[in-house]
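Residue numbers start from 1 in every chain, and the chains themselves are labelled A, B, ... in the order their sequence lines are given, proteins ahead of strands.
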Protein chains: 2
Amino acid sequence: MPGVKSIRALERGLDVLQALQTVPGASLRELHQITGLPKATLLRILKTLTERNLVWQRMADGAYLPSSRMRDRLPAPAENDRLVEIASPVMARLCERVNWPSILGVRIDDQIEVIETNRPRSHVPHLPLGPVGVRVNMLLSAVGRAYFAFCGPEERAEIVARMRLHARPGEEMAADTAWLARMVRETQARGYGMRDARFLGETEAGAGPVIDDGRASIATPIIVGGQVIAAINLTWTRRAATAEHVIETCLGDLREAAAEVALGMA
Amino acid sequence: MPGVKSIRALERGLDVLQALQTVPGASLRELHQITGLPKATLLRILKTLTERNLVWQRMADGAYLPSSRMRDRLPAPAENDRLVEIASPVMARLCERVNWPSILGVRIDDQIEVIETNRPRSHVPHLPLGPVGVRVNMLLSAVGRAYFAFCGPEERAEIVARMRLHARPGEEMAADTAWLARMVRETQARGYGMRDARFLGETEAGAGPVIDDGRASIATPIIVGGQVIAAINLTWTRRAATAEHVIETCLGDLREAAAEVALGMA
DNA sequence: AGTCAACGTTTCATGCCGTGAAACGCTCAG
DNA sequence: CTGAGCGTTTCACGGCATGAAACGTTGACT
């Protein structure tokens with residue numbers, strides 16, 4: 001969307017609205033010297049904002065105030081939306097630097113749900129990471145392991161317990177406590193998650209196992225306040241790059257991205 | 001402010017913003033068929049809204065979403081602002097019908113604070129009801145009595161107790177339990193508040209008593225959920241109209257106004 | 001009562017800039 | 001490989017946003 005010019009008249013209106021949330025109860029004269037806009041223009045803007053019930057005028061002193069109805073309009077506070085909004089531009093920049101796509105995942109029960117991906121920005125064609133909403137295996141994928149290894153022991157126990165209930169394909173190892181402990185230990189020591197050799201592709205519910213999709217991934221957790229809230233992926237095709245090369249050139253960027261998102265969420 | 005035209009470009013931008021809070025995650029095509037605006041125009045609007053951090057674009061599917069940062073921008077939830085915002089247009093219409101000014105007051109401790117006035121709309125010159133923020137005597141004024149007589153007995157007891165602590169001028173009757181009881185009984189029976197003959201003007205802190213300012217008032221409580229939250233006044237000059245005449249012609253309108261505000265606050 | 005300053009409101013000529021139809025190009029599905 | 005669907009860019013037109021200036025009203029002060 002470069003090449004698209006923004007609309008000045010709209011910009012000015014939003015300026016005034018913002019000024020009124022900063023200085024509630026400003027008079028026309030005050031708005032004039034705050035925004036620098038001519039009074040005639042301000043009058044038209046205020047008329048428009050008032051018609052839309054974003055602003056109202058107190059009769060007592062003629063002051064303009066932001067409407068309390070703005071609060072009603074706001075959509076339900078979907079917590080993950082805030083995460084995606086903050087992570088989205090960071091992931092865009094990450095992709096621009098390393099040129100491999102990423103996904104952002106959060107835990108849903110005992111799986112990882114993909115809530116954002118920068119794949120459309122990566123100019124690697126036909127590397128179809130699933131759309132948002134797809135659930136990813138927690139024990140074998142890079143994102144899953146990054147989350148699983150860095151969350152607290154209680155949360156890990158809860159996840160394992162859930163897995164044992166329905167035992168989806170690819171979650172057989174949930175029964176092997178020794179295997180789980182070793183996987184966690186290795187991931188923690190390494191500092192990032194890696195896919196298992198026996199990885200199951202990121203499948204829609206009910207799809208069968210994939211022995212080898214030709215891809216490899218690493219993933220780092222996003223930790224805010226000592227708690228893991230999500231994990232970021234980096235995926236590449238094994239025929240185009242070795243794991244060693246990607247780790248050497250991209251792991252730092254991936255970690256920085258995770259840290260930046262964590263900072264924004266704090 | 002009639003004669004002021006609103007700004008179409010701003011209107012359209014606000015339309016899009018509103019559409020996005022109704023349908024979070026809309027694509028350009030969806031916004032096109034929701035708002036009816038050409039896609040080129042939408043692109044410019046979305047660019048502007050994105051620059052102002054009111055909207056952001058999810059990379060995964062290119063959908064536009066309202067920013068969660070909007071919540072941060074909102075000023076502190078001043079409860080009385082909502083009341084004034086709802087009451088303001090109602091009072092404007094009331095004044096247009098009866099042509100006498102009103103005040104809107106809420107209880108602050110043991111006084112009534114004026115939080116809105118339609119006096120500037122009444123074309124009665126030099127009837128200087130105080131500016132917003134002025135405190136009015138609770139026992140002798142019409143607004144005060146309307147509030148005092150229709151709030152619960154516990155609240156009345158608290159108010160009286162506070163008054164006895166510092167005994168401001170005009171609050172001497174707080175000591176006379178029998179007088180209070182009779183005043184409350186009469187006001188409740190009448191259904192609206194009236195000024196006392198010994199009324200003290202609406203004075204700034206420290207100003208002296210006023211024996212007769214030539215005005216008279218009636219006031220009705222605003223009751224929502226069985227609880228009084230405020231009271232509305234109607235003031236006139238005694239040399240221009242008798243109490244009987246004003247009560248006959250205006251009391252109904254005053255009561256309707258109070259009911260309308262109560263409905264809006266529910 | 002009279003005067004003056006401050007503020008909000010209205011007017012109107014100017015040309016900027018918002019507008020939208022149309023052409024283009026990309027991505028994905030079949 | 002082909003086509004459809006969607007986002008993006010272009011460009012010429014004229015509607016409409018603009019703001020300086022004149023005007024009306026309000027409130028303060030003497």
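Contact of the B:R12 side chain with the B:L37 side chain is registered, since non-hydrogen atoms from C-beta on lie closer than 4.5 Å. Here the side chains of B:L46 and B:L20 are in contact, with some heavy-atom distance below 4.5 Å. Contact check for A:R121 versus A:M91: no side-chain heavy atoms found under the 4.5 Å cut-off. Contact check for B:T50 versus B:Q57: no side-chain heavy atoms found under the 4.5 Å cut-off.
Distance CG (B:D61) to C1' (D:dC6): 13 Å, rounded to an integer number of Å. Nucleotide C:dA23 holds its P atom 15 Å from the NZ atom of B:K39, rounded to whole Å. When rounded to the nearest whole Å, the span between CE of A:M59 and P of C:dG8 equals 17 Å. As a whole-Å value, the separation of B:Y64 OH from D:dT8 C1' is 10 Å. Nucleotide D:dT8 holds its P atom 12 Å from the CG atom of B:L31, rounded to whole Å. Here the P atom of nucleotide D:dG7 and the CZ atom of B:R58 are 14 Å apart, to the nearest Å. Summarising the geometry, the separation between CG on B:L28 and C1' on D:dT8 is reported as 9 Å, rounded to the nearest angstrom. Between B:L42 atom CG and D:dG7 atom P there is a gap of 10 Å when expressed in whole angstrom units.
Under a 3.5 Å cut-off, the side chain of A:S217 and the backbone N or O of A:N233 do not form any donor-acceptor pair. The closest donor-acceptor contact from the side chain of B:R195 to the backbone of B:R215 lies under 3.5 Å.
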Using a cut-off of 4.0 Å between protein heavy atoms and nucleotide atoms, how would you tag nucleotides 14-21 of chain D 5' to 3' with B, S and -? --SSBBB-
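Shown here is A:R168, whose CZ atom has more than 12 heavy atoms of other residues, nucleotides or ligands within 6.0 Å. By the 6.0 Å contact criterion, CZ on B:R82 is enclosed, its count of non-hydrogen atoms from other residues, nucleotides or ligands being greater than 12.
Under the 4.0 Å criterion applied to side-chain N and carboxylate O atoms, B:D15 and A:R52 are assigned as salt-bridge partners.
Summary of the strand contacts: A:Q57 and A:P120 both lie near DNA chain C, and taking for each the nucleotide with the nearest heavy atom, the more 5' one is attributed to A:Q57.
Annotation: the terminal axes of the helix from C:dA1-D:dT30 to C:dG30-D:dC1 meet at 40°, where each axis is the rotation carrying the C1' atoms of four end pairs onto the next four (5 pairs per end, rounded to 10°).
OP1 or OP2 of C:dC28 sits under 4.0 Å from a side-chain N or O of A:R119.
Checking D:dG27, C:dT10, C:dT9 against the side-chain heavy atoms of B:V4 singles out C:dT10 as nearest.
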